[in-house]
Amino acid sequence: VRVGEGGGFKTGLRGTTVSLGSGGFVSGILRLRYVTFQGPDNIALTLTSSARAIVANSSFGGNLDLIAPRISFDNTTVGGNAYLDKNGASADASVGGNNIGGNFTLRNTGSSYVLFGETNPDSVAGDLTLYNGSTNYLYYANRAADNFVGGHVTMIDSGNGGDGGIIVSRYSTASLRIDGSASIYS
């Protein structure tokens, strides 16, 4: 399912809802590209089984909760808080360029890695929480320079075994500026 693929899709109405139907979204790709939700409404999407969410060049005026087996999230603005949980078995990499106006929680609870900030910097005005419940890795600010967090950073690795963990600013080209403090738990 592709929404806004060519020229974009806008909604500015209050009370905007997005529904995936009673059977849910269990396979294939949900692609939100050049989509704008101008209102302050909260959008919550849960995909299951082998489904993949691709969100690119989009804007959400309120909060965004996205739970899916696979997630790509690029060049997108969220006016409020963002919660992303990648829970599938395939690897997912995002180029970055995201701007989160509130707090951002990124969770990897699948069996493969999730990667953010490969090419473009991500910016979080509030707090950033990175949670890795996988036996693989969660990469943040991977290659991109000038990533930013305006608040506190919390990193939690649940210790599920394997060689997994959280890796921040993996390459020499990468940088992450944190204006708050940081807490690391394992």
Assess the residue pair Y113 and Y139 against the criterion (ring-ring contact (aromatic ring centres under 6.0 Å, His included)); give the C-alpha distance rounded to whole Å, side-chain angles, the decisive distance to 0.1 Å, and a yes or no. CA-CA 8 Å; Y113 71 81; Y139 299 98; 5.7 Å; yes

Answer with yes or no whether the hydrophobic clustering places L128 together with L66; edges join I, L, V, M, F, W, Y residues whose side-chain heavy atoms lie under 4.5 Å apart. yes

From L138 atom CG to I167 atom CD1, the distance as rounded to the nearest 0.5 Å: 9.5 Å

Where do I54 and L30 land on the side chain to side chain contact (heavy atoms under 4.5 Å, CB included) test, with the steps shown first? CA-CA 6 Å; I54 298 175; L30 174 62; over 6 Å; no

Could you grab the distance from atom OG of S94 to atom CG of L115, nearest 0.5 Å is fine? 7.5 Å

I want to check something: taking the side chain as every heavy atom from C-beta on, are V168 and L130 in contact at a cut-off of under 4.5 Å? yes

Taking the side chain as C-beta and beyond, is there a heavy-atom pair between T154 and Y185 under 4.5 Å? yes

Is it the case that the side chains of R52 and S72 hold a donor-acceptor pair, with the cut-off being a distance below 3.5 Å and no angle test? yes

Donor-acceptor pair between T109 and D85 side chains, under 3.5 angstrom: yes

Examine R107 relative to Y131 and say whether NZ or CZ is less than 6.0 Å from the centre of the six-membered ring and inside a 45° cone about the ring axis. yes

Identify whether L45 and V114 are in the same connected component of the hydrophobic contact network (ILVMFWY, side-chain heavy atoms under 4.5 Å). yes

I need the S58 OG to R33 CZ distance, nearest 0.5 Å. 9.0 Å

Hey, what do you get for CD1 (I100) to OH (Y83), rounding to the nearest 0.5 Å? 14.5 Å

N42 pairs by side chain to side chain donor-acceptor pair (under 3.5 Å) with which of N63, N81, D65? N63

Give a yes or no on whether V124 and I166 share a hydrophobic cluster (residues Ile, Leu, Val, Met, Phe, Trp, Tyr; joining criterion: side-chain heavy atoms under 4.5 Å apart). yes

Just verifying a value: how many Å separate N108 CG and N132 CG, rounded to the nearest 0.5 Å? 5.0 Å

Hphob cluster co-occupancy, I43 + V55, side-chain heavy atoms under 4.5 angstrom: yes

Ring geometry between F104 and F73 (parallel below 30°, tilted from 30 to 60°, perpendicular above 60°): parallel

